[in-house]
Protein chains: 2
Amino acid sequence: MDGSKPLRRDAERNRRRILAAANALVAKVGLDISHNDIARAAEVGVGTVYRRFPDRQELIDELFDERVDRIVALVDQAMEIDDPWQALCAFVAGNLELQASDKGLKDLMVGDGRVTELAQRAGRRIGPAVRQLVERAHASGQLRPDVGVEDFPLIQEMVSAVMEHARHIDPDLWRRALALVLDGYRAHAQPREPLPGATPTPEQIEQVLSAKRR
Amino acid sequence: MDGSKPLRRDAERNRRRILAAANALVAKVGLDISHNDIARAAEVGVGTVYRRFPDRQELIDELFDERVDRIVALVDQAMEIDDPWQALCAFVAGNLELQASDKGLKDLMVGDGRVTELAQRAGRRIGPAVRQLVERAHASGQLRPDVGVEDFPLIQEMVSAVMEHARHIDPDLWRRALALVLDGYRAHAQPREPLPGATPTPEQIEQVLSAKRR
DNA sequence: GGGAAACGGAGCGAACCTATCCACTTCTAG
DNA sequence: CTAGAAGTGGATAGGTTCGCTCCGTTTCCC
């Protein structure tokens with residue numbers, strides 16, 4: 001695969017510096033970074049960044065494979081929890097926790113446009129596992145039956161919004177919002193009115209997540 | 001107050017056109033409109049817009065007094081409903097409904113920065129009434145006791161986020177999200193775990209709403 | 001009819017981004 | 001140690017988007 005000859009030692013060092021700087025930068029300010037930003041952060045000339053990563057998308061993709069891995073690990077970890085509701089909550093909370101500490105990841109999951117293709121790949125890797133978590137919670141009767149997998153991205157959107165706005169005030173306020181929302185998702189003894197509208201279709205949710213934002 | 005001499009007829013006509021166009025534009029695309037945008041929409045030269053409204057903020061303020069009135073009317077209306085929980089829900093839903101049809105209003109309420117001062121004034125006019133609605137719901141035992149008035153702006157934030165992202169897919173998806181969230185806010189028979197963290201203070205919420213976003 | 005008031009929109013400067021280019025530095029094979 | 005290949009940095013060209021001004025022209029009103 002990697003047919004090209006190895007980089008010179010200094011070049012390789014710079015490559016790593018760029019990757020590291022870009023990584024930190026994306027976590028701090030989000031997906032919206034220019035070659036110039038990266039160069040400044042890496043203490044390297046713009047030219048160097050362009051030479052090594054002519055396509056910014058490729059660089060970003062590289063950064064995110066690893067991030068998605070972290071989420072996948074999270075699902076696996078959640079699957080180990082016996083109680084299905086606890087497991088589901090653990091996943092949702094963990095996922096949001098990751099996002100809280102990584103604006104780039106948040107942008108990716110919430111889909112602020114642009115990165116569609118990346119988000120789709122992530123969805124394909126994570127989706128099935130989440131579906132399983134949801135099914136378990138349904139089977140155990142702990143998740144209200146009229147809530148579907150498709151409702152979970154909505155949690156992300158919602159709690160992310162709180163995270164975004166409240167980050168600098170109380171970085172943990174989103175936990176409160178999440179707890180309240182999850183209580184709404186939880187099955188309860190007393191009867192409840194049916195939810196308005198139909199459960200969103202997977203296609204719709206996908207569109208929401210990759211919103212072109214016009 | 002209005003000591004200046006009246007405008008020439010054509011000038012007055014243009015002033016109205018500008019105001020009308022700006023109003024429609026704000027409803028459609030939000031607070032983030034330039035003098036140029038307004039001029040184009042009003043079919044008027046940029047210069048004219050600048051001459052009449054040198055300070056964009058003043059123009060926008062003018063547009064929003066009327067919008068806030070609509071919300072105040074909504075609270076009053078909700079107060080008439082006998083069942084405290086229904087009343088509260090009616091207000092929250094109505095408020096979000098207004099926002100769904102008016103992006104500018106949404107921006108104002110969600111506080112995307114900038115318009116701080118405007119949002120504060122709005123809060124001062126609406127806040128007390130909402131507090132009353134919440135107190136009624138508490139007294140009747142229909143609102144979970146550990147949810148405070150301060151938690152309601154969070155609903156706005158959360159559901160607005162869904163609205164924003166899903167508008168073009170299913171303009172009513174937010175209703176589903178809202179229903180789920182409100183179910184989380186509602187008091188239930190079975191015991192529940194206490195919410196994590198403290199109820200946010202009013203000061204905190206104010207800060208959240210007027211987030212400088214940096 | 002004439003002078004004051006208002007108009008329109010070309011266009012200026014600032015900010016910011018992408019991308020290139022080439023004189024200079026650093027590496028490494030021999 | 002050295003020559004020349006590989007790599008570097010950052011000034012700069014060129015594009016876009018804004019906010020705003022300025023002034024030749026039009027419109028109003030006495």
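Sequence lines set the chain letters: A, B, ... in the order given, protein chains first and strands last, and positions in each chain run from 1.
Using a 4.0 Å cutoff on non-hydrogen atoms, the parts of residues 12-24 of chain A near DNA chain D are A/Asn14, ordered by number. A heavy-atom distance below 4.0 Å to DNA chain C is reached by these residues of residues 39-50 of chain B, ordered by number: B/Val44, B/Gly45, B/Val46, B/Gly47, B/Thr48.
Taking every heavy atom of both residues into account, A/Ser160 and A/Gln99 meet most closely at OG-OE1, 3.1 Å.
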- Message: Evaluate A/Phe152 against A/Val147 for side-chain contact (heavy atoms from CB on, under 4.5 Å), listing each step before the verdict.
- Response: CA-CA 9 Å; A/Phe152 281 80; A/Val147 163; 4.0 Å; yes
- Query: Stepwise, does the side-chain contact (heavy atoms from CB on, under 4.5 Å) test hold for B/Ile71 with B/Arg67?
  - Reply: CA-CA 7 Å; B/Ile71 299 182; B/Arg67 282 164 160 79; over 6 Å; no
- Task: Run the numbers on B/Asn14 and B/Arg51 for side chain to side chain donor-acceptor pair (under 3.5 Å), then give the verdict.
- Result: CA-CA 11 Å; B/Asn14 277 337; B/Arg51 197 171 320 104; over 6 Å; no
- Query: Are A/Arg175 and A/Asp172 close enough, and set up right, to give a salt bridge (charged side-chain N to carboxylate O under 4.0 Å, His left out), and what steps lead you there?
  - Reply: CA-CA 6 Å; A/Arg175 288 174 200 279; A/Asp172 285 331; 3.1 Å; yes
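Map A/Arg51 and A/Asn36 each onto its nearest nucleotide of DNA chain C; the residue landing nearer the 5' end is A/Asn36. Residues A/Arg52 and B/Arg9 each lie close to DNA chain D; by heavy-atom proximity, the contact nearer the 5' end of the strand is made by A/Arg52.
Atom CZ in B/Phe53 sits about 14 Å away from atom P in C/dA6, given to the nearest Å. Following rounding to the nearest Å, A/His35 (NE2) and D/dG9 (P) show an atom-to-atom distance of 15 Å. One can place CG of A/Asp32 at 11 Å from C1' of C/dC17, the figure rounded to the nearest angstrom. Atom CG of A/Asp37 is separated from atom P of C/dC16 by 11 Å (rounded to the nearest Å). In this structure, A/Ile38 atom CD1 and C/dA19 atom P are separated by 12 Å, rounded to whole Å. With rounding to whole Å, A/Asp55 atom CG is found 12 Å from C/dT20 atom P.
B/Arg16 meets the side chain to side chain donor-acceptor pair (under 3.5 Å) test with B/Glu12; sequence neighbours excluded. Judged as a ring pair (Phe, Tyr, Trp, His ring centres under 6.0 Å), and not counting sequence neighbours, A/His138 has no contacts. Applying the side chain to side chain contact (heavy atoms under 4.5 Å, CB included) test to B/Ala11 and every residue at least two apart in sequence or in another chain returns B/Leu7, B/Arg8, B/Arg52.
Ionic pairing of A/Asp183 and A/Arg186 is present here: one or more N-O contacts between side-chain nitrogen and carboxylate oxygen are shorter than 4.0 angstrom. Salt bridge annotation for A/Lys103-A/Asp107: present, with a cationic side-chain nitrogen under 4.0 angstrom from a carboxylate oxygen.
In this structure the side chain of B/Arg144 reaches within 4.5 angstrom of the side chain of A/Leu180, judged on heavy atoms.
Backbone-only engagement by A/Asp10 is indicated by non-hydrogen atom pairs under 4.0 Å involving sugar-phosphate atoms exclusively. If you check every strand for non-hydrogen atoms under 4.0 Å, A/Arg8 touches a base.
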- Message: Give the dot-bracket line for DNA chain C from 5' end to 3' end: parentheses for intra-strand Watson-Crick or G-U pairs under 3.5 Å, square brackets for crossings, | for inter-strand pairing, dots for unpaired.
- Response: ||||||||||||||||||||||||||||||
